[in-house]
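The figures that follow rest on heavy atoms only: side chains count, while hydrogens, waters and symmetry mates do not. A, B, ... follow the sequence lines: proteins, then strands. Residue 1 opens every chain. Values in this document were obtained by computation on a predicted structure and should not be read as measured data.
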Amino acid sequence: MKQYPLKRPTQPPREPRFTIKYEEDLNTAQLAVVMTLEGPILVIAGAGSGKTRTLVYRVARLIESGVPPQRILLLTFTRRAAQEMLKRAGLLLQASCDRVSGGTFHSTANALLRKYGEAIGLGSSFTILDRSDAEDVIHLLRTSHGYNEKERRFPRKNTLAEIFSQSVNKMLPLEEVVMEDYSHFSQHIPDLVQLEKLYTHYKRQRMLLDYDDLLVRLLELLETQPSVRRRLSETYQYILVDEYQDTNKIQARIIRLLCDTHENIMVVGDDAQSIYSFRGANFRNIMDFPKEFPATRIFRLEENYRSIQPILDLTNEIINRAKEKYPKHLFTRKGDGRLPALVQAENENFQSRFVCEKILELREEGVSLSDIAVLFRSSFHAFDLEIELARCNVPFVKRGGFKFIETAHVKDVLAHLRILTNSLDAVSWMRLLLLIEGVGPKKAHAIIGTISKEGDPLKALKGLISRYPNEIQRGLMDLVKALEAVTEDHMTPSEQIGFLYHYYFPILQRKYDDYPKRMKDLEHLHTITGRYQRLPEFLADMALEPPDESVSDVAGLDREDEKLVLSTIHSAKGLEWHTVFIIWALDGKFPSAYSFMTDEELEEERRLLYVAATRAKQGLFITYPINVYDKVLGSVLSKPTRFLDDIPKDYYDTWSLIEEGF
DNA sequence: AACAAGTTGTTTTTT
DNA sequence: ACAACTTGTT
């Protein structure tokens, strides 16, 4: 850092305090984006084109040119991505970027609603429902209103949650969603509409917000409260949105309203990497952006800095066969290297063994384990490999799929904490009452009905205890005591969990015969709480940005070691590795047989393969097992993914594994 | 009414 | 292979 004399600090001329070498560090297109600070900007950024770098430099440039950090809002797909970018911007500036607001749409919505939600009748202590909580509520309403006793099959709770969510995220009427994607339930439409009303009412009464509500209520706040809208728009004078191809209509509306008093909005995206349409995202959002903001300037980043030529050649071929694409051609100055390989394996275990052996080989060659990734369409595709890796003593982390935070025992513990911040949280009350011996759905429901009318439900519960038989009395008494013990002020979340474990461990042992394993998860949870001073923050984070470790690797506590990355393709978004393995590239699995129905879904599978393959810098292996029976199709699968079908064979090597061949 | 055992149906991806 | 629903027992 340059040293300046302490005198005359306020005197002009204002030399730039820090010198960032923009011209040296950025190419022409990137530089243009970074230097254009005002007005709406759309950046079409191909895979590996230095999109993150561009965002980082632009944040730095904004701050350097005098924009206060707290006036910048950076919306990304994960909080990790936001933190990483702000860290890098901070390094450039040699100053902290802590005060830049950054995170996901959902976490930003959460923060804003806690602060300004009162304007739309929302208390600051609302509880966030994750998907399974939401399903529990829907299930409760479905049974209590007798929808499950209908003559014709009524949708299951997860289907119901899915239908409701689709309707919200695509901003379409419920009946349209049903007719479009669930036409076999069309005779239930009136009931579904009714049930969704009940669900909405239930949540509003108890200060519960599901993931979709976070976006919906923020939009409501911005739409109906002009003063809040103006205030927020004036606060966030510069807005940057990453991964714009994966935003949905609600998010686009939110952005539009946040730009109420200015149009300093920059969005970055790549239509070829749109992989979240199941969540209501629509890559046409990108093309509609200039319609929302007619003054939009469009920039294209097409130089790829990630992959060697052969990999880029293949990925270009994959995406060029997309039915609908906005033409762009990625080029690289990286040198040549090995051709990607398409590897056929006799069966799943051969595939796993091949991957293991190759990984060990790469490590011999000096490639760090953490610079290698195995990617797959669905989380369970990795099960066999996980076993094989354990056998070979290859340490790994798994991203995507079931999170340990979603396991029953962790949810049990969190439920106790949740009612401390929102005593109306009937979902959590239900959960913890059902843990008590002798209490089932009926009694739990009755108890909740009585105590939630009181101002102090805990006190009300205490008053109820004498009504019940002895065995239940004891259970309820223990619960009350435990809750009272953690209600004291000035307790950290970590201390609270410590107390609760005293109460919960006996229940854990009674309920699960594999309790030692689950106990380890709870220890892990305890460690995580240590990072938080305030309970509401901890709970919001657990719902919105849970630790991304999956169940399987929680046990391994040696965090510092380098580890191989196993990840779903969705969770690999935006990342890159020296060598990438894509396993189960078997037609019927990837693309999944479920996607054969519609062109749109099939095309999304293609983009998914594109995203996976473009993560690779130096090495790419696409593997598939053969002779796999598929129940959905009722046939044996043996062909590699169809997206490679008509690509000339000289774009990749073809390997076939035989018993001693590797 | 709660719990245990037995039967049937259903499978991605994530905030 | 697993979870949701159904039936049978306490």
Side-chain angles (χ1 to χ4, degrees), chain A residues 75-81 103-110 128-136 139 142-143 148-149 153-162 165 168-169 209-216 218 243 246-248 250-251 274-281 375-383 399-403 405-406 408 433-434 436-446 468-469 471-472 475 510-511 540-546 548 550 567-573 584 588-596 601 604-605 607-609 611-612 630-633:
Chain A
L75 293 168
T76 56
F77 215 70
T78 64
R79 185 180 47 179
R80 267 227 323 260
T104 62
F105 273 90
H106 289 86
S107 66
T108 304
N110 173 53
I128 300 167
L129 303 182
D130 68 17
R131 184 53 174 268
S132 76
D133 296 329
E135 286 175 7
D136 287 350
H139 180 67
R142 186 182 58 170
T143 39
N148 52 334
E149 287 153 22
R153 203 173 91 219
F154 201 72
R156 287 151 193 281
K157 62 179 181 183
N158 52 53
T159 313
L160 291 165
E162 186 59 29
S165 182
V168 171
N169 282 299
L209 270 71
D210 64 23
Y211 289 138
D212 300 335
D213 290 329
L214 287 168
L215 300 180
V216 170
L218 175 59
E243 311 281 10
D246 286 321
T247 57
N248 61 31
I250 306 181
Q251 291 164 321
S274 158
I275 52 174
Y276 277 88
S277 67
F278 66 91
R279 217 165 81 181
L375 306 181
F376 32 84
R377 169 78 249 258
S378 314
S379 187
F380 68 86
H381 288 162
F383 287 169
R399 304 242 171 87
F402 281 121
K403 306 213 169 65
I405 209 81
E406 290 162 354
L433 287 172
L434 287 176
I436 294 168
E437 269 186 304
V439 179
K442 278 275 147 61
K443 286 200 186 75
H445 190 70
Y468 292 95
E471 186 206 23
I472 297 179
R510 171 167 55 80
K511 227 179 128 192
D541 268 11
M542 287 308 106
L544 294 174
E545 319 251 358
D548 53 16
S550 289
S567 175
T568 59
I569 298 168
H570 286 89
S571 301
K573 190 178 172 53
W584 277 103
K589 295 290 177 185
F590 187 13
S592 146
Y594 300 104
S595 69
F596 290 178
E601 282 180 82
E604 180 143 321
E605 299 280 309
R607 294 192 294 269
L608 209 44
L609 178 65
V611 169
D630 188 87
K631 270 181 265 174
V632 182
L633 294 166

Considering only the P atoms, how many Å lie between dT12(B) and dC5(C), rounded to the nearest integer? 16 Å

Nearest-angstrom distance, P atom, dA4(C) to dT13(B): 15 Å

Just by protein heavy atoms under 4.0 Å, how would nucleotides 8-15 of chain B read 5' to 3' in B, S and -? -SSBBBBB

Which whole-number value in Å describes the distance from [X] [atom1] to [N] [atom2]?
X	N	atom1	atom2	result
Phe154(A)	dA4(C)	CZ	P	17 Å
Glu437(A)	dT10(C)	CD	C1'	14 Å
Glu471(A)	dA1(B)	CD	P	17 Å
Asp136(A)	dA3(C)	CG	C1'	13 Å

Give a yes or no on whether the backbone of Ser107(A) and the side-chain of Thr104(A) come within a donor-acceptor separation of less than 3.5 Å. yes

Phe596(A)-Tyr594(A) aromatic ring centre distance below 6.0 Å: no

Using a 4.0 Å heavy-atom cut-off, does His381(A) contact any base of the nucleic acid, only the sugar-phosphate backbone, or nothing at all? nothing

For Arg510(A), which contact category applies under a 4.0 Å heavy-atom criterion: base, sugar-phosphate, or nothing? nothing

What class does the angle between the rings of Phe77(A) and Tyr276(A) fall in, given that below 30° is parallel, 30 to 60° is tilted and above 60° is perpendicular? tilted

The side chain to side chain contact (heavy atoms under 4.5 Å, CB included) partner of Tyr211(A) among Leu544(A), Val216(A), Leu129(A) is Leu544(A)

Pair partner, dT6(C) [Watson-Crick or wobble, under 3.5 Å]: dA5(B)

When rounded to the nearest 0.5 angstrom, what distance separates CG in Leu218(A) from NE2 in His106(A)? 10.5 Å

Is it the case that Ser571(A) and Thr568(A) place a side-chain donor and acceptor less than 3.5 Å from each other? yes

